Amino acid sequence: MQVYVDGHFVPAEEARISVFDHGFLYGDGVFEGIRVYDGNIFRLQQHSQRLYNSAQCILLTIPLSPEDMQAAIVETVSRRELPNQYVRVVVSRGAGDLGLNPHLCRRPSVVIIADTIALYPAHLYTQGLELVTVATRRTPAWALDPRIKSLNYLNNILAKLEAQQAGALEAVMLNGEGYVAECTADNIFFVRQGQLYTPSTAAGALQGVTRDSVLEVAQELGLSTAEGFFTRYDLYTADECFITGTGAEIVPVVRIDGRTIGTGHPGPMTTQLRQGFEQLCRHSGVRVSPHVTCAALA
Ligand code: PMP
């Protein structure tokens, strides 16, 4: 397995960045997680856009044009030679000194890893997952906009630890006002009387690529959708609930804080949306041939 590091492909075990990199020292950087299905890179354009938007917000100039970045991702995926992959793209501030000053970091580091991932055990996709609400609140948008997908995940990690201590695999995170924001690395949806709801990004949710795709699939299926501000009451009394993310994909949720959701089994709309999403993943995206080579790369 080869990893892309600053324009070069190196064997995974030899891939290195500096201990002075501010991505390591301070979590100063941005990243994306991208899926490849049957040799098609899913929503490459949207992931690339979000990466560049995140970088723009933190005054980080990615040392590649978006076209060269996409070419580098395609090349990394084609070298991995697996039909289904999970790709991690990381752009960190680069090596500086031990102080915070980003201006002392001369060149951002770019790393692309094409591997696989399984975030949840397979049986949960058919039986459903249990969530718990945790005390750790989502960082408010006025402190750090949740649309910035930064390398600093401590807020989410603290919530994940709390969920695990309570015996659950994933947490419901509320914002400072008590509205449901999202989970630690996933967006959350619920269904009530045939309508699909998800917290608005203004409530503290990342604008997930999977979230957008699910909303699209729902609209194609003729379901009505709404984004807004919801409390735990809305989750507890929902007919169905599920979470979405690139790594997790779509996971049905059947219990939240000890309350059984709907019938306690994955609901029909969740199943329908999962099927529609699977179709979308298999039949769209940027096709990667294992023979692609990219002139822009060293
Ligand atoms: N929320 C957070 C905090 C995330 O880190 C992620 C990505 N893992 C998501 C939601 C889901 O986003 P996407 O569908 O783009 O992967």
Side-chain angles (χ1 to χ4, degrees), residues 27 29-37 41-55 57-58 73 84-91 113 115-120 125 129 131 133-134 136-141 143-163 169-175 179-190 196 198-218 225 227 230 241-251 253 273-274 276-278 280-281 284-285:
V30 295
F31 78 100
E32 280 298 317
I34 308 173
R35 283 251 184 206
V36 178
Y37 293 101
I41 306 180
F42 187 63
R43 303 268 147 131
L44 179 57
Q45 179 56 37
Q46 286 91 330
H47 282 289
S48 172
Q49 185 69 60
R50 189 170 64 183
L51 183 75
Y52 279 81
N53 285 347
S54 295
C57 287
I58 69 163
I73 295 169
N84 298 306
Q85 304 178 22
Y86 175 82
V87 183
R88 177 58 58 91
V89 182
V90 182
V91 186
I113 308 166
D115 203 0
T116 56
I117 200 167
L119 286 185
Y120 294 105
Y125 289 81
L129 173 71
L131 303 178
T133 309
V134 294
T136 302
R137 297 289 175 106
R138 193 78 185 88
T139 308
L144 180 61
D145 195 301
R147 287 172 292 186
I148 300 174
K149 198 160 164 56
S150 88
L151 290 181
N152 199 316
Y153 260 56
L154 256 193
N155 178 233
N156 312 59
I157 290 164
L158 289 175
K160 186 87 170 174
L161 286 169
E162 265 193 77
L169 292 180
E170 183 54 299
V172 174
M173 295 186 78
L174 308 177
N175 68 17
Y179 292 106
V180 176
E182 57 179 344
C183 296
T184 65
D186 305 303
N187 292 112
I188 189 162
F189 284 81
F190 65 93
L196 185 65
T198 193
S200 140
T201 57
L206 179 81
Q207 188 166 2
V209 170
T210 321
R211 174 183 181 276
D212 284 351
S213 308
V214 165
L215 288 170
E216 227 177 272
V217 170
T225 62
E227 300 173 44
F230 306 108
C241 180
F242 59 88
I243 62 173
T244 67
T246 298
E249 301 173 294
I250 300 178
V251 192
V253 171
L273 288 167
R274 282 188 66 206
F277 178 70
E278 205 179 306
L280 189 68
C281 296
S284 64

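Because the structure is predicted, anything quoted here is derived from the model rather than measured. As the structure lists them, so they are numbered: ligands from 1, and atoms in each ligand from 1.
Side-chain contact between N84 and T116: absent, with no pair of heavy atoms (C-beta onward) separated by less than 4.5 Å. With contacts defined as side-chain heavy-atom distances shorter than 4.5 Å, the pair T133/L174 qualifies. By the 4.5 Å heavy-atom criterion applied to side chains, Y37 and E278 are not counted as neighbours. In this structure the side chain of D186 reaches within 4.5 angstrom of the side chain of E170, judged on heavy atoms. Contact check for R50 versus V209: side-chain heavy atoms found under the 4.5 Å cut-off.
Both the backbone and the side chain of T210 come within contact range of ligand 1, each with a heavy atom under 4.0 Å. Using a 4.0 Å cut-off between heavy atoms, T184 contacts ligand 1 through its backbone alone, with no side-chain atom that close.
Using bins of under 30°, 30° to 60° and over 60° for the plane-to-plane angle, the ring pair F277/F42 lands in the perpendicular bin.
In terms of protein heavy atoms, atom 8 (N) of ligand 1 is closest to A185 O, 2.9 Å. Closest to atom 5 (O) of ligand 1 among all protein heavy atoms lies Y153 OH, 2.4 Å. Of the protein's non-hydrogen atoms, E182 OE1, 3.4 Å is the one closest to atom 10 (C) of ligand 1.
Atoms of ligand 1 found under 4.0 Å from any heavy atom of T246 (numbered from 1 in listed order, with element): 13 (P), 14 (O), 15 (O), 16 (O). Listed by number with element, the atoms of ligand 1 under 4.0 angstrom from any heavy atom of N156 are 3 (C). Applying the 4.0 Å criterion to heavy atoms of G245 picks out, from ligand 1, the atoms 11 (C), 14 (O), 16 (O).
Distances shorter than 4.0 angstrom occur between a heavy atom of R50 and an atom of ligand 1. In this structure, D212 falls outside the shell of residues with a heavy atom less than 4.0 angstrom from ligand 1. Put simply, part of K149 is less than 4.0 Å from ligand 1, judged by heavy atoms.
The shortest N/O to N/O separation between V209 and ligand 1 falls below 3.5 Å.
Between T246 and the choices H47, E32, R43, the side chain to side chain contact (heavy atoms under 4.5 Å, CB included) rule is met once, by H47.
For R35 (side chain) and Y86 (main-chain N/O), no donor-acceptor pair under 3.5 Å exists by modelled atom type.
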